[in-house]
There are 2 protein chains.
Amino acid sequence: MKKESANPSQGQLEKLNEVRDGFIAQWGAFGSQWGINRTMAQIHALLMIGTNALSTDEVMETLGISRGNAHTNLKELVGWGLVRIIVRKGERKEFFEAEKDVWKIFTIILRERQRREIDPALELLRDCQEETKKLKGTEAEAFRNQVKELEQFVSFARNIGGKVGKLSYGPAMKLAAKVLG
Amino acid sequence: MKKESANPSQGQLEKLNEVRDGFIAQWGAFGSQWGINRTMAQIHALLMIGTNALSTDEVMETLGISRGNAHTNLKELVGWGLVRIIVRKGERKEFFEAEKDVWKIFTIILRERQRREIDPALELLRDCQEETKKLKGTEAEAFRNQVKELEQFVSFARNIGGKVGKLSYGPAMKLAAKVLG
DNA sequence: CTATATTTTCAGTATTTACTGAAATAGATG
DNA sequence: CATCTATTTCAGTAAATACTGAAAATATAG
């Protein structure tokens, strides 16, 4: 008979995989609500909760997805800076490893969303003001004014986000303490 | 010959409509990147930049969409609290009016996303910790630990968001000044 | 250079998500 | 209660998005 020990039993391994699979599936679902592709979120979850870097084939197999899909989304994650490519000497394959530090993950996502989504939105808001600068009438003024308010708020928020994103964990916590008073 | 005045000329009205249409279209595109349905974002933009409340028919007509689509998305916006229903006496139709105060818009979106997306994610993270509490082994520990870190961070951020969302404009700006200090 | 392993691309297809239009329901009016 | 107006629902369809699988490109080793 097997003795109880620090090593997991068969049942425990099964349980772990069950919970992990559930986590990955759910995380994928959350991702798609946030405008992130489901598979990308799943791969990110998979790499984040595992102990070692995985190859494309391992990702394909674990999630049951095609090579093309795995490849595209892995590279997309690398593009975000959330995943790094690891090359092991003697091995020809690439392996993929996720950033695990939650604060780093947060700042990366913050910066990337600023760059990809906030900045273009600000540009639109500024263009709209510029284009209607000389127009007269109630309607035109209402439009210009609302757009201006939006622009001021977004660029203000962006500013705060920018500062926060540059902080490292310690200083960020000190700042948070102030906010939480 | 028409004299120049505070009233907009024909050309100005055209220009205004052109810029407004561009704004609405672009805002819709941004919305879909953020996991918000395009039409809903467009209707929100339309109501936000206009001077008066619009009926379902006016929304349909302006955006060139079906009644069902207009109806569903208007009610969804009402569900978010970003749009109010106006009933004019003597009129049988409902009219829709958007919240225009940017700080209010921000706090509404903050609260709703917390409720709809962050809270369920936190629940998942907590469940995963609970379910794996007793499992032994390196893999299990890595999983539990990463999930714990995520949970701590998200619930911490949620906390800050919660406080900020409860502030009104003035105090929020004072707080922001500290952060930007 | 040839053989082999790995990555990348992408046309075709599947899945998901959003929209239409019309029918059903609800509300008001005389 | 018959009629008219407005709202709501939803089956069917359209559009957007994501995925597959295989072929092409690239890299490595002998």
Side-chain angles (χ1 to χ4, degrees), chain A residues 24-47 53-80 82-97 116-117, chain B residues 24-47 53-80 82-97 116-117:
Chain A
I24 290 168
Q26 280 302 307
W27 204 251
F30 286 130
S32 64
Q33 275 192 301
W34 273 91
I36 287 159
N37 144 330
R38 192 188 311 275
T39 305
M40 186 171 145
Q42 287 182 350
I43 296 179
H44 186 228
L46 172 64
L47 294 178
L54 300 181
S55 66
T56 305
D57 294 76
E58 289 167 318
V59 172
M60 286 166 61
E61 167 139 9
T62 315
L63 301 180
I65 61 177
S66 73
R67 180 172 308 281
N69 194 12
H71 174 79
T72 308
N73 285 293
L74 279 165
K75 286 300 160 89
E76 187 71 14
L77 283 164
V78 171
W80 275 73
L82 291 167
V83 164
R84 279 180 296 277
I85 297 173
I86 302 287
V87 217
R88 296 192 185 136
K89 74 172 177 181
E91 283 266 28
R92 207 148 138 189
K93 273 207 270 285
E94 290 181 333
F95 289 81
F96 298 89
E97 174 185 77
R116 297 172 192 228
E117 291 145 22
Chain B
I24 291 168
Q26 279 302 307
W27 205 252
F30 286 130
S32 64
Q33 278 193 301
W34 274 91
I36 288 159
N37 146 327
R38 192 187 312 273
T39 305
M40 184 172 147
Q42 287 182 350
I43 296 179
H44 186 229
L46 173 63
L47 294 177
L54 300 183
S55 67
T56 305
D57 293 77
E58 289 167 320
V59 171
M60 286 167 61
E61 166 138 12
T62 315
L63 300 181
I65 60 176
S66 74
R67 180 172 307 281
N69 194 12
H71 174 78
T72 308
N73 285 293
L74 279 165
K75 286 300 158 90
E76 186 71 14
L77 283 164
V78 171
W80 275 72
L82 291 167
V83 164
R84 279 178 297 276
I85 297 174
I86 303 286
V87 218
R88 296 193 185 137
K89 74 172 178 182
E91 281 266 31
R92 206 147 141 192
K93 273 207 271 283
E94 291 180 331
F95 289 81
F96 299 89
E97 174 184 79
R116 297 171 192 228
E117 291 146 21

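This structure is a prediction, so every number in the text was calculated from the model and none was measured. Note on naming: letters A, B, ... go to the chains in the order of the sequence lines (proteins, then strands), and numbering restarts at 1 for each one.
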| Closest approach of B:Arg67 and B:Asp57, non-hydrogen atoms and distance? | NH2-OD2, 3.0 Å
| How far apart are the closest heavy atoms of B:Trp27 and B:Ala45, and which atoms are they? | CD1-CB, 3.8 Å
| Hey, which of B:Asn69, B:Asn73, B:Ile24 is the one that makes side chain to side chain contact (heavy atoms under 4.5 Å, CB included) with B:Leu63? | B:Ile24
Only counting residues at least two apart or in another chain, list the ones meeting side chain to side chain donor-acceptor pair (under 3.5 Å) with [X].
X       : result
B:Glu76 : none
B:Thr56 : none
B:Asn37 : none

| First and last nucleotide of DNA chain D, 5' to 3', lying under 4.0 Å from heavy atoms of chain A | D:dA18 to D:dT28
| query | Counting any heavy atom closer than 4.0 Å, what does B:Ser32 reach on the DNA or RNA strands: base, sugar-phosphate only, or nothing? | reply | nothing
| Any side-chain heavy atom of B:Trp80 within less than 4.5 Å of one from B:Met40? | yes
| request: Please check if atom CD in A:Glu117 has more than 12 non-hydrogen atoms from other residues, nucleotides or ligands closer than 6.0 Å. | output: yes
Expressed in angstrom and rounded to an integer, what is the separation of [X] atom [atom1] from [N] atom [atom2]?
X       : N      : atom1 : atom2 : value
A:Asn37 : C:dT17 : CG    : P     : 11 Å
A:Glu58 : C:dT7  : CD    : P     : 12 Å
B:Ile36 : C:dA18 : CD1   : P     : 11 Å

| query | Near DNA chain C, which residues from residues 60-75 of chain A have a heavy atom under 4.0 Å away? | reply | A:Arg67, A:Gly68, A:His71, A:Lys75
| Looking at DNA chain D, which of residues 82-91 of chain B put a heavy atom within less than 4.0 Å of it? | none
